[in-house]
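One structure is given here, and the rest of the page talks about it.
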Amino acid sequence: GAGVSQSPSNKVTEKGKDVELRCDPISGHTALYWYRQSLGQGLEFLIYFQGNSAPDKSGLPSDRFSAERTGGSVSTLTIQRTQQEDSAVYLCASSLDRITYEQYFGPGTRLTVT
Amino acid sequence: AQSVTQLGSHVSVSEGALVLLRCNYSSSVPPYLFWYVQYPNQGLQLLLKYTTGATLVKGINGFEAEFKKSETSFHLTKPSAHMSDAAEYFCAVTVGTSGSRLTFGEGTQLTVNP
């Protein structure tokens, strides 16, 4: 079946602009995670969604970052007023439920802030 | 909080030689451990996982890892390296909080020489 998909695959934006990154999880997966991969920080957790529960936003680096998940499926990560330090690969992963430890990752969105 | 340390950011082996990538973890509760592989410009692919039960776990592409609680280690091995094994490898841990949010090591870049 289809895996996790992310769009766009690459995004170049100017400093100060807002960007939206999209994630389509595997159908039927109720848990969804966003991670960020950058040269300086490695792979770091950003946010976790489980079904209709309130998301765990504890990994978001600043209030410029927000995310939503509509209808328990597609998720959008929004970065407002982008800064150069936001340049990274943003990875989305999904798993069947909150207690299934196997996460399936999408190919990522490479964000470059100029 | 849990953490992961990968010893050696770069490992180089000859084709046909043993691959050994080291991972040590820190966790106050029983951990669940994973190895992921990342090929250039791709997302993360799960190689293998330890949750409960047998401490020697086998994964895809001939890799295996052994969970050693006394040594807080989860080293990844493969008896004979293949050119296609060249990639970056990440060790990760979860303790089941925030769903299964993963804490990753810094990664080890594996080079396989002909």
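Sequence lines set the chain letters: A, B, ... in the order given, protein chains first and strands last, and positions in each chain run from 1. These numbers come from a predicted model, not from an experiment.
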Counting only heavy atoms not in Tyr104(A), do more than 12 fall under 6.0 Å of its OH?
-> no

Would you mind checking which part of Gln45(B) comes under 4.5 Å of any heavy atom in chain A, side chain (CB onward), backbone (N, CA, C, O), both or neither?
-> neither

With only heavy atoms counted, which part of Leu46(B) is less than 4.5 Å from chain A, the side chain, the backbone, both or neither?
-> side chain

In Å, rounded to the nearest 0.5 Å, how long is the span from CZ of Phe105(A) to OG of Ser95(A)?
-> 10.0 Å

Is it true that Glu102(A) and Lys49(B) make a salt bridge, defined as a side-chain N closer than 4.0 Å to a carboxylate O?
-> yes

Contact class of Leu91(A) relative to chain B, heavy atoms under 4.5 angstrom | side chain

Answer with side chain, backbone, both or neither: which region of Glu106(B) has an atom nearer than 4.5 Å to a non-hydrogen atom of chain A?
-> side chain

Salt-bridge criterion met for Arg64(A) and Asp18(A) (N-O under 4.0 Å) | no

Let me know if Tyr35(A) has heavy atoms under 4.5 Å from chain B in its side chain, its backbone, both or neither.
-> side chain

Can you establish whether the number of heavy atoms outside Leu56(B) located under 6.0 Å from its atom CG is more than 12?
-> yes

Which region of Gln37(A), side chain (C-beta onward) or backbone (N, CA, C, O), has a non-hydrogen atom less than 4.5 Å from a non-hydrogen atom of chain B, or is it both or neither?
-> side chain

